[in-house]
Amino acid sequence: MKRSLFIISVLMMTLTATAQYDFLTAHRGVIKGGYDFWVYTPEDYYFSQEQTPVVIFLHGASLCGRNINRSRRYGPLDAIVRGREIPALVIVPQNPGGAWNPKKVLDVLEWTRKHYACDSTRVYVLGMSLGGYGTMDFAGTYPDRVAAALAMCGGCSLRDVQPLGQVPLWIIHGTADRAVNVKESKKVVSALEAEHNDSRLRYDWWQGANHGAPARVFYLKKTYEWLFSHSLRDKGRPINRDITIERSELKNAYTDMMKNAPKPEVLEGDEEFEE
């Protein structure tokens with residue numbers, strides 16, 4: 001009897017995992033000269049359709065390359081596999097190397113909009129490290145396309161960061177980051193504050209936190225609640241300051257998803273998860 005229950009349990013877990021993967025599609029070579037990318041469709045997608053928000057995740061340097069599976073090793077797609085429900089189209093491009101190109105990210109978004117029903121007024125972008133730069137570069141280049149952005153342990157490559165003032169933007173950076181100095185994020189904050197263009201900006205400098213500390217933010221339910229609370233339809237596009245993420249919460253990032261969930265797979269030399 002116990003053996004039968006064990007077999008049934010294993011089968012149910014296998015079927016659940018298979019169902020999750022059924023909603024995940026890799027798109028390779030569909031944009032000439034552009035990024036390959038994943039698109040995840042949420043479980044109730046065929047009911048939500050045009051009401052479905054969009055989350056774009058831009059990974060860090062360690063996941064760059066031509067093997068698209070690398071881009072799933074941490075971030076929203078990994079969170080979904082581990083049990084986090086994200087009721088959105090999740091788009092994960094893979095950067096083959098170098099800085100993220102905002103136009104190429106937009107090309108991925110536009111391709112997805114043509115092939116999947118979604119709510120174009122609720123497009124969100126988030127990333128860390130190289131992806132943190134990509135997040136601010138993309139949001140600052142196309143502020144009228146991004147409902148909210150979350151950039152962690154990165155910076156901004158744009159000559160003019162003022163368009164970021166149009167976007168509800170949350171910046172998180174550790175003060176002990178040795179890979180990307182917190183000064184890179186502070187430059188953006190200072191530039192926006194100097195022009196009194198910071199009404200939609202919030203930021204947290206996590207004291208003593210290293211480069212990898214913010215990685216678990218991708219696994220928190222609150223992260224997506226905060227993003228989804230914004231829309232391009234919002235009058236004045238105010239930023240949500242009610243939802244907070246404390247560094248102390250990261251220790252329990254996985255507890256409400258799966259019991260005994262392992263940490264995300266760490267690549268050799270992966271600074272995103274340097275502890």
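- Asp36 places a side-chain N or O within donor-acceptor distance of the main-chain N or O of Gly29, the cut-off being under 3.5 Å.
- No more than 12 heavy atoms of other residues, nucleotides or ligands lie within 6.0 Å of CD in Glu43, so this atom counts as exposed by the packing criterion.
- A donor-acceptor pair under 3.5 Å links the side-chain atoms of Arg200 to the main chain of Gly165, judged by distance alone.
- Residue-environment remark: CD (Glu225) exceeds the threshold of 12 foreign heavy atoms within 6.0 Å.
- Put simply, the residue from Ile239, Val188, Ile171 that forms a side-chain contact (heavy atoms from CB on, under 4.5 Å) with Leu201 is Ile171.
- Between Arg122 and Asp234, none of the side-chain N atoms (NZ, or NE/NH1/NH2) sits under 4.0 Å from a carboxylate O, so this pair counts as no salt bridge.
- With Asp198 contributing its side chain and Leu192 its backbone, the two residues share no donor-acceptor pair below 3.5 Å.
- Under a 3.5 Å cut-off, the side chain of Tyr45 and the backbone N or O of Ala117 do form a donor-acceptor pair.
- Each of Phe218, Phe57, Tyr219 was compared with Asp78 under the side-chain contact (heavy atoms from CB on, under 4.5 Å) criterion, and only Tyr219 meets it.
- Other residues, nucleotides and ligands place more than 12 heavy atoms under 6.0 Å from the CZ atom of Arg237.
- Follow the hydrophobic side-chain contacts under 4.5 Å out from Leu158 and you never reach Leu106; the two are in separate clusters.
- In this structure, the side chain of Thr223 engages the main chain of Val217 through a donor-acceptor pair within 3.5 Å.
- For the pair Lys222 and Glu246, the salt-bridge criterion is not met [side-chain N within less than 4.0 Å of a carboxylate O].
- Judged by distance alone, with hydrogens and angles left aside, the side-chain atoms of Tyr124 form a donor-acceptor pair with the main-chain N or O of His230 at under 3.5 Å.
- A salt bridge between Asp204 and Arg247 is absent, with no side-chain N of the basic residue lying under 4.0 Å from a carboxylate O of the acidic one.
- Using modelled atom types and a 3.5 Å distance limit, the side chains of Glu184 and Tyr133 yield a donor-acceptor pair.
- Defined by atom type and a distance below 3.5 Å, a donor-acceptor pair is present between the side-chain atoms of Asn240 and Ser229.
- Screening Ser71, Pro76, Pro93 for a side-chain contact (heavy atoms from CB on, under 4.5 Å) with Trp38, the sole residue that qualifies is Ser71.
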